[in-house]
Amino acid sequence: MLTTLEEPTEAHQAQAGAPVVAIVGATGAVGIELLRCLEARGFPLRGLKLLASERSAGRMLPFKGQDIRVETLTETSFDGVDIALFSAGSGISKRYAATAVRAGAVVVDNSSAFRMDPDVPLVVPEVNAATLRHHHGIIANPNCVAAIATVALAPLHQAHPLRRISMATYQAASGAGAAAMEELRQSTAAFLAGQTYEPKVLPHPYAFNLFSHNADVDPDSGYNGEELKVVAETRRILDADQLPIGVTCIRVPVLRAHAMALTVEFDEIVSPAEARAILAAAPSLRVVDDRTTNHFPMPSEASGQDDVLVGRIRTDSGDPSGRSLALFVAGDQLLKGAALNAVQIAEMLLRR
Ligand code: A2P
């Protein structure tokens, strides 16, 4: 069933030519934020379909003052849909994205299923919007770390080509989904109550702990799947396929915003003052860099924010050539790292 959004306002009457949008994985951590972003940004809609597994069929989710019923995802779910926002994992994307495209929808896919497919643009609108021109029905939304990092890296790279990047990430529970966020809440409560808690979603105790990212580790290189995605996708988004990038991804007990320490080497010396000016003028970035009060980007201040926070901008003392800068970045994994970026892509589709 297609929910037609009816409100007798001028704004809605003007939306007769607006798209019908489906959210696949509407009940998930990202799915809920997709709904919120569509509402908060006044995305023009003629209809909205909320899709999830049969476990969630019949659940009601609020949107613009209405309750919309969640339906089970099936092969026929995309009839009449113009834009399908997928966020139910790679398996579901691999199985249903082509079905959605055949039904006439453009798919914006938040999973990793198609991100390295040369026929599928991998888009961060502030960085490589032009790549959207060449899609064949599927557009990939990047890995959350790659999306957040490239918002800060791209303006620097455009001003002074990057020669090397080294990153360490501090990744929130939200990246592992709603169940991992709940595990963080429950295990923290149990820890504080002096009770034992058996991890169910993540492989290690999460409360008052941190651990190497839970993605599978490649036994040969020692890199985990998340790290390999961050490297490949950051290169692709920056259009720098040979750029040397090293990364260590760590899961930390934070609910929803990722942070990352970036060390970037340029071809030439770039002063912290110039980098600060470049970053301050760039879209979707907010410089938080107050040395006097020791106030720098924090997940607590990035959570719920569209902008990515960047600070601790300083010359890297580990590079005697002076060509490297160190930065600290925090961005909401569910927003710029997922739902917001997907909705921005959908907005660009409307303008074409
Ligand atoms: P459901 O809530 O019915 O399980 P998260 O990343 O937060 O774990 O969310 C995953 C999303 O993907 C949820 O909305 C979940 O729906 C959805 N999902 C998982 N498996 C399927 C499936 N087989 N068909 C459709 N949606 C699915």
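One-based numbering, in listed order, for ligands and for the atoms of each. Residue numbers run from 1 in the order of the sequence given. Every value quoted in this text rests on a predicted model; they were computed, and no experiment measured them.
Among residues at least two apart or in separate chains, side chain to side chain donor-acceptor pair (under 3.5 Å) pairs with a member in residues 98-123 are Glu75-Thr99, Ser87-Asn110, Ser90-Ser112, Ser93-Asp109, Ser93-Ser111, Asp109-Ser111, Asn110-Asn141, Arg115-Glu233. Residues in residues 130-187 take part in these ring-ring contact (aromatic ring centres under 6.0 Å, His included) pairs, two or more places apart or across chains: Tyr170-Phe328.
Between Asp319 and Ser324, the side chains place a donor N or O and an acceptor N or O closer than 3.5 Å (distance only, hydrogens not considered).
Note that CG of Leu243 is 11.5 Å distant from CZ of Arg163, once rounded to the nearest 0.5 Å.
Sorted by chain and number, the heavy-atom contacts of ligand 1 below 4.0 Å come from Gly25, Ala26, Thr27, Gly28, Ala29, Ala52, Ser53, Arg55, Ser56, Leu73, Ser87, Ala88, Ile92, Gly177, Ala178.
Hydrophobic clustering, defined by side-chain heavy atoms of Ile, Leu, Val, Met, Phe, Trp and Tyr closer than 4.5 Å, groups Phe191 together with Leu192, Phe208.
Of the candidates His258, Gln305, Arg256, Asp332 forms a side-chain hydrogen bond (donor to acceptor under 3.5 Å, both in side chains) with just one, namely Arg256.
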